[in-house]
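Per chain, numbering begins at 1; letters A, B, ... match sequence-line order.
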There are 2 protein chains.
Amino acid sequence: MRIGELSRLTGASRRLLRYYEEQGLIVPDRGANGYREYDDRYVDRVNQIRGLLDAGLPTRIIKQILPCLDKPRSIHFPDATPEMLALLASERDRLTERIDVLIRNRDAMSEYLTEVARCRALEPGSSH
Amino acid sequence: MRIGELSRLTGASRRLLRYYEEQGLIVPDRGANGYREYDDRYVDRVNQIRGLLDAGLPTRIIKQILPCLDKPRSIHFPDATPEMLALLASERDRLTERIDVLIRNRDAMSEYLTEVARCRALEPGSSH
DNA sequence: CTTGACCATCACATTTATGTGAACGTTTGA
DNA sequence: TCAAACGTTCACATAAATGTGATGGTCAAG
């Protein structure tokens, strides 16, 4: 498929898809006319990239950990250097910390919301 | 305490503390000389802000949800408008989605790492 | 009183992830 | 063949979170 199609399927603008390419996150083939050619797997790949970006990882890190995450499963193996593994581990730990912070804050929000709901339920006029 | 002290305690640069103020996230008092005066609770507050920023929330959202999270607990009440509550709920949901993405990716990383470790353990020469 | 460690404001720089538009080639269908 | 829809590159713009430096006020200790 070409860039417009992939854009539609992933929700990423064409511009953004070119940006991801510029950052080395995706490397589409080129047709004879110079058009980018993407195969189906790019849909998942782009979605995963967007998820990681949304999660706050910068592209330069994503670039390094992506190869570990999108191998067709079951074909993973040591083209991974020790440095890469160390990076991956440290990035995973950072991710874990971040997840904890997020969970704590989400729970605080939830708690506050249910609390307010409870108060509302007791308010005068609420039975109207 | 003044800005330098707070900076030391939180790890946020002075510049950043002024930025948070500019964004309306914190509102320190001013001494007679114009110096910012922070009381102890700002340490927690700033740390929470940094956590939320690191979690990917933009300052304009943080500004809206902070009042819900840092009230001295047990004194929460309906100075909250319905719009604010709706915003808070939607932001909580967005946070939940984000958390899910993060967890999935972290687990994938972990899985990959343990897998590689397992392979390494079986490699020739590993018993050296 | 001066020096050094603070504080203040203002302004300009940078990085990252995006948007927008110009200028121009390609493909496709009426 | 002509227009619409799509592709290309290049370049400039922006918002967010920070850094950096200029210029100057305040204050405590020597």
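Here the P atom of nucleotide C:dT18 and the CD atom of A:E21 are 16 Å apart, to the nearest Å. Straight-line distance from the CD atom of B:E37 to the C1' atom of D:dC27: 14 Å, rounded to whole Å. Rounded to whole Å, atom P of D:dA5 lies 19 Å from atom CD1 of A:I3. Separating the CZ atom of A:R15 from the C1' atom of D:dG7 is a distance of 15 Å, rounded to the nearest angstrom. Rounded to whole angstrom, the span from the OH atom of B:Y38 across to the P atom of C:dC6 amounts to 15 Å. What separates CZ of A:R30 from P of C:dT26 is a distance of 14 Å, to the nearest Å. Atom CD1 of A:I26 and atom C1' of C:dA17 are 14 Å apart (whole Å). Put simply, CG on A:L17 is 14 Å from C1' on C:dG19, counting in whole angstrom units.
For B:Y20 and D:dA17, the shortest distance from a side-chain N or O to OP1 or OP2 is not below 4.0 Å. Note on A:T59: every side-chain N or O is 4.0 Å or more away from OP1 and OP2 of C:dT16. Distances shorter than 4.0 Å separate none of the side-chain N or O atoms of A:R14 from OP1 or OP2 on D:dT9. A sub-4.0 Å separation between OP1 or OP2 of D:dT18 and a side-chain N or O of B:S13 is absent. Between D:dC6 and A:R2, no contact under 4.0 Å exists linking OP1 or OP2 to a side-chain N or O. At least one side-chain nitrogen or oxygen of B:N33 sits closer than 4.0 Å to the OP1 or OP2 atom of D:dC27. Not one side-chain nitrogen or oxygen of B:Y19 sits closer than 4.0 Å to the OP1 or OP2 atom of D:dT18.
Ion pair A:R94/A:E97 not flagged as a salt bridge, since none of the NZ, NE, NH1 or NH2 atoms sits closer than 4.0 Å to an Asp/Glu carboxylate oxygen. Between B:R2 and B:E5 there is no salt bridge, since no side-chain N of the basic residue sits under 4.0 Å from a carboxylate O of the acidic one.
Contact check for A:L16 versus A:R50: side-chain heavy atoms found under the 4.5 Å cut-off.
With D:dA17, D:dT8, D:dC6 as the candidates, the nucleotide lying closest to the side chain of A:R8 is D:dC6. Comparing atom distances between the B:R60 side chain and each of D:dA16, D:dA11, C:dA8 picks out D:dA16 as nearest. Of all nucleotides listed (C:dC7, D:dA17, D:dA11), D:dA17 comes nearest to the side chain of B:L53.
To the nearest 0.5 angstrom, B:L102 atom CG is 4.5 Å from A:L95 atom CG. Rounding to the nearest 0.5 Å gives a distance of 12.0 Å between CD1 of A:I49 and CG of A:L57.
Not a single donor-acceptor contact under 3.5 angstrom links the side-chain atoms of A:R36 to the base of D:dT8. Interface remark: the A:R18 side chain does not form any donor-acceptor pair with the D:dT8 base, using a distance-only criterion of under 3.5 Å.
The side-chain contact (heavy atoms from CB on, under 4.5 Å) check on A:D93 picks up nothing, with sequence neighbours excluded.
With DNA chain D read from its 5' end, the first of the two nearest nucleotides for A:G4 and B:P58 is the one closest to A:G4.
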